[in-house]
Amino acid sequence: MTMADGKSIDYASLLCSRLCHDLLSPVGALNNGLELLAEESDPGIRDQCMALLGDSARISLAKLTFYRLAFGAAGGKEDLVSADEVKAAVEGMFAASGRLAVEWMIADAALPRAAAKVLLNFSLIAGEALPRGGTLMLALERVGDATDIAARGEGLRLALDANIRRALTGKLPAEEISSRTVAATMVRSMVLEAGGEVMIAGEDQPFLMFGAHIPG
C-alpha cells in the first residue's frame, strides 16, 4: 500500500508486528495454562487451569476476529461486510475487560468493506485511548454513494498517544511510523486515496472524536 504523498510504507510488516504483540499475552497464557494442567493433579487447580485456558482462548479468538476485519484485504469497491459481524468484532474486542460500553448507531445491515475497516480502526484507537473505560459510540451513514463515519469516546481519562494524533492528521513522518501508529496511518491513507478526508477533535476537547468522509 502507498501513502497519499507517494512514500511507500511496509504496512504488512508493521501490522504483523502489532498483531503479534497483542496476541503474545493471551497465547502465552494458553501455554502457561497447558503446562500447569500437565503438572497438576489437584482437581481444584485443574479447574482453575481450565478456566484460564478458556478465557485466554476467547480473548485470542476475539482479537483475531477483530484484526481479520480491521487489517485484512479491503476487497473491491462493491464488496460489503455484515454490520452484525463488525459490531460483534468490536464488542468482542472490548468485552473481556468489561471497561468499555459500545453504543452502536448504525442502521445499515451491510457496510462497504473499506468503510468497515475505517470504523474498526477508529474503534481500536479510541478504545485504547480510554484506559479507565468509558463509552465508545460508533456511527456510519451512507448518503448516495458517500459514507460518513464517526467514532466518539468518553471516559474518566483520555490518553490518546500524540504520535497517533499526528498520524491521523498526516503530521507523522514516514520514518517514525511504528506498529503502534500504523493503524492510524493506514486509515488516513485509505481515506485520502479514496478522495475523502479524516477529521479529529482538538486536544482541548473533553472527549475523543474521529470522523471520515469517503465519497462515492
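For reference, positions follow the sequence shown, starting with 1. Computation of the quantities below employed the complete heavy-atom set of this structure, encompassing side-chain atoms and omitting hydrogens, waters and symmetry-equivalent molecules. Not measured: the values here are computed from a predicted model.
Atom CG in Leu100 sits 5.5 Å away from atom CG in Leu136 (nearest 0.5 Å). Note: Ser60 OG to Leu30 CG = 5.0 Å, rounded to the nearest 0.5 Å.
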Show the numbers, then the answer: is there a side chain to side chain contact (heavy atoms under 4.5 Å, CB included) between Val90 and Met93? CA-CA 5 Å; Val90 174; Met93 187 70 170; 5.8 Å; no
Quick one: do Val143 and Glu141 satisfy side chain to side chain contact (heavy atoms under 4.5 Å, CB included)? Show the steps, please. CA-CA 6 Å; Val143 181; Glu141 183 179 12; 4.1 Å; yes
Step-by-step side chain to side chain contact (heavy atoms under 4.5 Å, CB included) determination, Thr135 to Glu103: CA-CA 7 Å; Thr135 301; Glu103 294 185 4; 3.5 Å; yes
Given the rule in the side chain to side chain contact (heavy atoms under 4.5 Å, CB included) test, do His213 and Thr147 qualify, once you have shown the distances and angles that lead to the verdict? CA-CA 6 Å; His213 174 77; Thr147 305; over 6 Å; no
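The pair Glu128-Arg18 meets the salt-bridge criterion, since a charged nitrogen lies less than 4.0 angstrom from a carboxylate oxygen. Remark: Glu39 does not engage Arg46 in a salt bridge, criterion side-chain N to carboxylate O under 4.0 Å. The residues Arg58 and Asp55 are annotated as salt-bridged, a charged nitrogen and a carboxylate oxygen being separated by less than 4.0 angstrom.
Formation of a donor-acceptor pair under 3.5 Å by the Ser189 side chain with backbone atoms of Thr185 is not found in this model. Side-chain atoms of Lys87 do not come within 3.5 Å of backbone N or O of Trp104 as any donor-acceptor pair. Not a single donor-acceptor pair under 3.5 Å links the side chain of Arg99 to the backbone N or O of Arg132. Not one N or O on the side chain of Asp108 forms a donor-acceptor pair closer than 3.5 Å with the backbone of Leu111. Judged purely by atom type and a 3.5 angstrom limit, Lys63 has no side-chain atom pairing as donor or acceptor with the backbone of Leu23. Panel note: side chain Arg188, backbone Leu168; a donor-acceptor pair is recorded below 3.5 Å. Without hydrogens or angle criteria, Ser56 side chain to Leu53 main chain gives no donor-acceptor distance under 3.5 Å.
Considering every non-hydrogen atom in both Thr181 and Ala167, the closest pair reads O-CB, 4.1 Å. The shortest non-hydrogen separation linking Val86 to Ala116 is CG2-CB, 4.0 Å. Closest approach of Arg157 to Leu130, counting heavy atoms only: O-CD2, 3.7 Å. Summarising the geometry of Asn121 relative to Ala183, their closest heavy-atom pair is OD1-CB, 3.4 Å, with the distance given to 0.1 Å. Listed here is the closest heavy atom pair of Ala29 and Leu52: O-CD2, 3.9 Å. Of all non-hydrogen atoms in Ala89 and Leu69, the two that sit nearest each other are CB-CD1, 3.8 Å.
Residues Leu124 and Phe66 meet the side-chain proximity criterion, which asks for heavy atoms closer than 4.5 Å. By the 4.5 Å heavy-atom criterion applied to side chains, Leu160 and Phe210 are counted as neighbours. With a 4.5 Å cut-off on side-chain heavy atoms, Met186 and Leu15 count as touching. Between Ile164 and Ile125, the closest side-chain pair of non-hydrogen atoms falls below 4.5 Å. Considering only heavy atoms from C-beta on, Met190 comes within 4.5 Å of Val118 through its side chain. Between Pro112 and Asp79, the closest side-chain pair of non-hydrogen atoms is not below 4.5 Å. The closest side-chain heavy-atom distance from Ser179 to His21 is not below 4.5 Å. Taking 4.5 Å as the limit, some side-chain heavy atom of Thr169 sits within range of a side-chain heavy atom of Ile200.
Annotation: cation-pi geometry satisfied between Arg152 and Phe207 (NZ/CZ under 6.0 angstrom from ring centroid, within 45° of ring axis).
Residue-environment remark: CG (Asp42) exceeds the threshold of 12 foreign heavy atoms within 6.0 Å.
Placement of Met199 and Val191 in two distinct hydrophobic clusters is found when ILVMFWY residues are connected by side-chain heavy-atom separations under 4.5 Å, directly or transitively. No continuous path of hydrophobic side-chain contacts links Phe94 to Met137 [ILVMFWY only; heavy atoms under 4.5 Å]. Following chains of ILVMFWY side-chain contacts shorter than 4.5 Å, one cannot reach Leu36 starting from Val27, and the two form parts of different hydrophobic clusters. Taking hydrophobic clusters as Ile, Leu, Val, Met, Phe, Trp and Tyr residues chained together by side-chain heavy-atom distances below 4.5 Å, Met209 does not share a cluster with Leu138.
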